[in-house]
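These notes are about the structure you will find just below.
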2 protein chains.
Amino acid sequence: MRMSPARMSRETLLPLLAAHVMAHGLADASLRPLARAAGTSDRMLIYHFGNKDALVAALLDYLVARFADALDSAFPQARSASRRACAETVYAVTGQPAFAPFRRVWWDIVAGCSAGNAAYLAAAGGMMEVLLEWVVDHLPASDPDPAAGARAVLTAIEGAQALRAVGRGDIAEAGLAALEGRPA
Amino acid sequence: MRMSPARMSRETLLPLLAAHVMAHGLADASLRPLARAAGTSDRMLIYHFGNKDALVAALLDYLVARFADALDSAFPQARSASRRACAETVYAVTGQPAFAPFRRVWWDIVAGCSAGNAAYLAAAGGMMEVLLEWVVDHLPASDPDPAAGARAVLTAIEGAQALRAVGRGDIAEAGLAALEGRPA
DNA sequence: ATTCGAATGTAGCGAGTGCTACACTTGTAG
DNA sequence: CTACAAGTGTAGCACTCGCTACATTCGAAT
């Protein structure tokens with residue numbers, strides 16, 4: 001009676017690792033708890049990824065991809081009626097409980113960027129690129145300058161998210177409401 | 001020949017501790033490096049503050065006060081000509097090197113809030129209150145709704161700061177530029 | 001001068017950190 | 001069947017973490 005050794009690879013490990021990180025945060029994720037969550041040992045994580053930095057880098061790539069997936073599946077397909085409506089839609093959707101883990105790791109990433117971590121910078125760039133494209137595609141077709149509009153919307157969204165994260169969702173909502181209701 | 005024992009208290013310690021935190025970040029500040037920076041031992045930090053959580057709480061209070069000071073001394077006295085100009089002023093001033101340490105710890109605080117840390121939430125609330133009041137006071141006198149205007153400006157500023165932190169200052173600046181140039 | 005409590009130094013505990021050494025078992029290629 | 005490399009388990013290293021026990025020194029009140 002011998003269990004299959006359940007051969008592992010980066011690919012089979014990453015979803016389990018990502019689940020643990022989204023549940024417990026990225027900032028203070030350490031090898032042994034990660035390994036426990038994935039049903040392995042710290043020894044094997046190092047074996048498969050080389051060292052912790054490489055593991056985190058792989059994890060960030062994976063999380064960016066999952067974030068893109070989550071956007072595609074959770075967001076309405078239709079374009080918004082205005083920049084303001086677009087921003088409020090993104091704010092509402094990314095405020096759903098399903099996005100809480102992403103919000104959690106997002107601020108870990110921002111803090112890491114602010115501390116000068118290059119891997120985090122790359123991941124943050126990826127996430128912003130994904131979001132920016134999504135916003136461009138969902139701006140009103142009548143928007144005179146979708147590129148500029150998307151940047152305005154994204155700036156407002158990030159600010160609203162930050163304010164919500166620190167318990168000042170009231171400011172965030174008032175801020176979004178002040179976005180111009182119709183394309184300029 | 002006996003040196004004065006340099007009696008210490010929370011009050012004499014806090015500036016030194018704060019300096020270390022602003023230089024090296026709040027997230028992974030640990031007792032022994034903090035003590036070294038303040039010319040003491042971890043033992044004494046615990047003695048004066050009780051435990052690390054209380055120390056961090058005191059440190060956050062102190063940092064909020066220093067942030068308020070820095071705002072008062074670094075910002076122009078005059079009111080801005082528009083909401084957009086006000087936002088761009090704050091963005092420019094808080095982008096100065098003198099504010100880099102505050103930006104650094106700010107994102108540590110936001111990440112801590114997102115992880116559910118109550119002390120961080122209180123500190124973040126304090127910082128936002130300070131900033132909100134400053135914005136209200138510097139909006140054009142002609143602004144029809146300074147309370148709403150300040151919230152709009154603050155949301156845009158926070159978003160711009162976040163984007164700048166992750167290396168997308170280009171988006172931030174485009175976003176601020178799209179704020180209405182004259183009071184609505 | 002004596003006493004007493006506040007302040008401080010030294011040493012260490014138990015837990016957790018990233019990572020490694022070494023032995024061992026597999027599945028597969030020759 | 002044998003040889004070999006990929007994969008895995010066990011144990012441990014050198015370190016940091018927050019915190020504590022214990023002994024000492026110091027300044028001020030009596």
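Letters A, B, ... are given to chains in the order of the sequence lines, protein chains preceding strands, and every chain is numbered from 1.
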Notebook entry, point to check: Which of these nucleotides, dG9(C), dT17(C), dT10(D), is closest to any side-chain atom of Arg43(A)?
Noted result: dT10(D)
Notebook entry, point to check: When the distance from CG of Leu45(A) to P of dC19(C) is rounded to whole Å, what number comes out?
Noted result: 11 Å
Item checked: Length of the line joining Ile46(A):CD1 and dG12(D):P, which is rounded to integer Å -> 20 Å
Check: Under 4.0 angstrom, heavy atoms only, what part of the nucleic acid is Asp42(B) near: base, sugar-phosphate, or nothing?
Finding: base
Check: Tell me: CG of Asp28(A) to P of dG18(D), nearest whole Å?
Finding: 13 Å
Notebook entry, point to check: Does the pair Arg164(B)/Glu173(B) count as a salt bridge with the N-to-O cut at 4.0 Å?
Noted result: no
Checklist line | Spacing between Leu55(B) atom CG and dG18(D) atom C1', to the nearest angstrom | finding: 12 Å
Notebook entry, point to check: For Met44(B) and dT25(D), what is the distance between atoms CE and P respectively, to the nearest whole Å?
Noted result: 16 Å
Note to self: Looking at Arg103(B) and Thr94(B), would you say the former's side chain and the latter's main chain have a donor-acceptor pair under 3.5 Å?
What the structure shows: yes
Next item on the list: Figure out the CZ/P separation between Phe49(B) and dA7(C), and round it to whole Å.
Entry: 13 Å
Margin query: Donor-acceptor pair, distance only, cut-off 3.5 Å: does the side chain of Arg168(A) make one with the backbone of Gly125(B)?
Written below: no
Checklist line | side-chain N/O His48(A) vs dA6(D) OP1/OP2, d < 4.0 Å | finding: no
Checklist line | Closest to the Tyr47(A) side chain, choosing from dC17(D), dT10(D), dG7(D) | finding: dG7(D)
Note to self: Tell me the interatomic distance from Leu31(A), atom CG, to dT17(C), atom C1', rounded to whole angstroms.
What the structure shows: 8 Å
Next item on the list: Only one of Tyr62(A), Phe102(A), Trp134(A) passes ring pair (Phe, Tyr, Trp, His ring centres under 6.0 Å) with Phe67(A); say which it is.
Entry: Phe102(A)
Margin query: Looking at the base of dG16(C), is there any donor atom on it, or on the side chain of Arg32(A), that sits under 3.5 Å from an acceptor on the other one?
Written below: no
Next item on the list: Side chain of Ser30(A) only, please: which of dG9(C), dG16(C), dC19(C) is the nearest?
Entry: dG16(C)
Check: What pair of heavy atoms forms the shortest contact from Leu139(B) to Ala150(B), and how long is it?
Finding: CD2-N, 3.5 Å
Next item on the list: Provide, to the nearest angstrom, the distance between the CG atom belonging to Asn51(B) and the P atom belonging to dC17(D).
Entry: 17 Å
